[in-house]
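Beneath this line is the structure, given in C-alpha cells, with notes to follow.
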Amino acid sequence: MKIDDAAARLEALGNRTRLQIYRALVRAGHAGMPVGRLQDRLRIPASTLSHHIKTLVAVGLVSQTRESTTLICRANFDAMRGLVDFLVAECCADEAGCKDVQTAA
C-alpha cells in the first residue's frame, strides 16, 4: 500500500461518525447493511450519513450495491487488512536483532 492511500484511509477513519459507520459495517460482515438500517442504528440524519459514506467509498473502505430499491453498504475487508498490514509492516524495524521485519511498499 502506498503511504498516500494509507493516509487518506486513516484520515477518513479519523472522524468519529465515519469510524462509527465503518465499525458497524465491519460488524455486519460480508452481507453488509442497508443504509436505512445503518441510519436507524447510529441515529444519524440521512444527509449526514450519505456525506460520510461517500467519503468512506472514495477511499475504498466501503462499497455500495443496489438491490432493487435498497442500497447496501459493505466494508471492504481487503482494504482494511491492507491498511492494518501497512501499519504493522515495519514493526520493530529499527530494533537491533529484529528477525520478523517486513518493509512496507
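Computed from heavy atoms alone, side chains included, the values below leave out hydrogens, waters and symmetry copies. Positions are given from 1 along the sequence.
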Atom [atom1] in [X], atom [atom2] in [Y]: separation rounded to 0.5 Å?
X: F86; Y: L10; atom1: CZ; atom2: CG; result: 8.5 Å
X: L83; Y: R9; atom1: CG; atom2: CZ; result: 7.0 Å
X: C73; Y: Q64; atom1: SG; atom2: CD; result: 4.0 Å
X: H30; Y: N76; atom1: NE2; atom2: CG; result: 10.0 Å
X: R43; Y: T48; atom1: CZ; atom2: OG1; result: 15.5 Å
X: L49; Y: R18; atom1: CG; atom2: CZ; result: 12.0 Å

Query - Residue pair D85, M1: steps toward the side chain to side chain contact (heavy atoms under 4.5 Å, CB included) verdict - result: CA-CA 9 Å; D85 289 348; M1 175 176 295; over 6 Å; no
Query raised in the report: What closest approach, in Å, do A79 and G60 show between heavy atoms, and which atom pair accounts for it?
Result: CB-O, 3.4 Å
Report task. For residues I72 and A31, report the shortest heavy-atom separation together with the two atoms involved. Result -> CG2-O, 3.6 Å
Report task. Assess whether atom CD of E11 is packed by more than 12 heavy atoms of other residues, nucleotides or ligands within 6.0 Å. Result -> no
Report task. Only counting residues at least two apart or in another chain, list the ones meeting salt bridge (Lys or Arg N to Asp or Glu O under 4.0 Å) with R74. Result -> E67
Report task. Apply salt bridge (Lys or Arg N to Asp or Glu O under 4.0 Å) to R81 and list each qualifying residue two or more places apart in sequence or on a separate chain. Result -> D78
Report task. Flag yes if V59 and I3 sit in one hydrophobic cluster, no otherwise; membership is Ile, Leu, Val, Met, Phe, Trp, Tyr, and two members link when side-chain heavy atoms are under 4.5 Å apart. Result -> yes
Requested in this report: Among V26, L19, L25, I21, find the residue that satisfies the side chain to side chain contact (heavy atoms under 4.5 Å, CB included) test when tested with R23.
Outcome: L19
Query raised in the report: Does the side chain of I53 come within less than 4.5 Å of L38's, by heavy atoms?
Result: yes
Report task. Check whether any side-chain heavy atom of M33 sits under 4.5 Å from a side-chain heavy atom of R27, and report yes or no. Result -> no
